[in-house]
S.K.: 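Before we start, here is the structure in question, set down as structure tokens.
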Amino acid sequence: MAETKNLTEYYIQADPIIIPDSFEGYPLRYFNLPLHYRDDLNYVLIPYGLVQDRIEALASRIFHDLTINIPEQLICICVLKGGYRFFSDLISKIQNENRLQNNRSLPMSLEFIRTRSYINDYSSNQLEIIGLSDLNNLKNRNLLIIEDIIDTGITMVALKEQLEKFQPKTIQVVSLFTKRRKDKQCIFKPDYCGFEIPDHFIVGYALDYNEYFRDLEHICILKESGVAKYKINDNNI
Ligand code: HPA
Ligand code: MG
């Protein structure tokens, strides 16, 4: 009996998968990759299938946690554009739980916002939030912010501050990735996280580099030639 309990706890565990600095990734030849990006990539850091598996575990965990504490409708906020695939897959996996579990249920509504803080592959302190003006219905509601990656943490701290102005009852954050930065520590820890990754710039699964590579399934690391090819020249902006 004790064994069964351990298995259940293991299945819905909340801890992120930690990818160590020493991990060298998977060779490109193992994967189906779009021809238009094949020469720009160095290696696959996280295959699409593993991302899906991890999202399933996150969905299960969130479903179990929030149906205990928050039986009301949850407002799920998608941070576009990078979060759109994670949002879509996470919501559909929570919907699966809603269909399959007979003794619990998590009603959801869906909102979409945009933030902008990146030019090329470095973090800037500038943050612009778009789409917040008509979110007055957040008062006394439970929010779940669904984000692709927490890197410096600056964006999420600013976003949470802005959302708090609408006086929600709770704000929780789920991020598919957090980055272990070498220079300074990330200033924000999400409530739920899929993977903790080394200090690399990642692309794929809707995460972009200057609007390229969103249309790639796997999470990949670029070659230097790929970084150079799609770089926005600072003189042009
Ligand atoms: N990749 C893409 N977008 C990002 C990253 C990253 O590593 N960090 C913050 N935004
Ligand atoms: Mg993002």
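Heads up: numbering here begins at 1 and tracks the sequence. Both ligands and their constituent atoms are indexed starting at 1 by order of listing.
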S.K.: Please state whether Val203 comes within less than 4.0 angstrom of ligand 1, counting heavy atoms only.
M.R.: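 It does not; every heavy atom stays at 4.0 Å or beyond.
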
S.K.: Output the list of atoms in ligand 1 that are nearer than 4.0 Å to some heavy atom of Lys179, sorted by atom number.
M.R.: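 Those of ligand 1 that fall under 4.0 Å from Lys179 are 6 (C), 7 (O), 8 (N).
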
S.K.: Suppose I only count heavy atoms of Asp208 and a 4.0 Å limit; which atoms of ligand 1 are within that range?
M.R.: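 Counting from 1, the qualifying ligand atoms are 2 (C), 3 (N).
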
S.K.: Would you say Ile202 has any N or O atom under 3.5 Å from an N or O of ligand 1, going by distance alone?
M.R.: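 Right, the criterion is met.
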
S.K.: Check whether Lys179 reaches the backbone of His200 with its side chain - one donor and one acceptor, N or O, closer than 3.5 Å.
M.R.: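 Yes; at least one donor-acceptor contact below 3.5 Å.
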
S.K.: Does a side-chain N-to-carboxylate-O contact under 4.0 Å join Arg181 and Asp199?
M.R.: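 Asp199 and Arg181: not salt-bridged.
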
S.K.: Using a strict 4.0 Å threshold on nitrogen-to-oxygen distance, state whether Glu72 and Arg141 make a salt bridge.
M.R.: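 No.
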
S.K.: Would you kindly say whether Asp89 and Gln52 are connected by a side-chain donor-acceptor distance under 3.5 Å?
M.R.: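 Yes.
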
S.K.: For the residue pair Phe23 and Tyr26, does the interplanar ring angle fall in the parallel (under 30°), tilted (30 to 60°) or perpendicular (over 60°) class?
M.R.: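 Plane angle over 60°, so perpendicular.
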
S.K.: Which part of Asp151 is near ligand 1, with near meaning a heavy atom under 4.0 Å away: side chain, backbone, both or neither?
M.R.: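 Contact part for Asp151 vs ligand 1: side chain (C-beta onward).
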
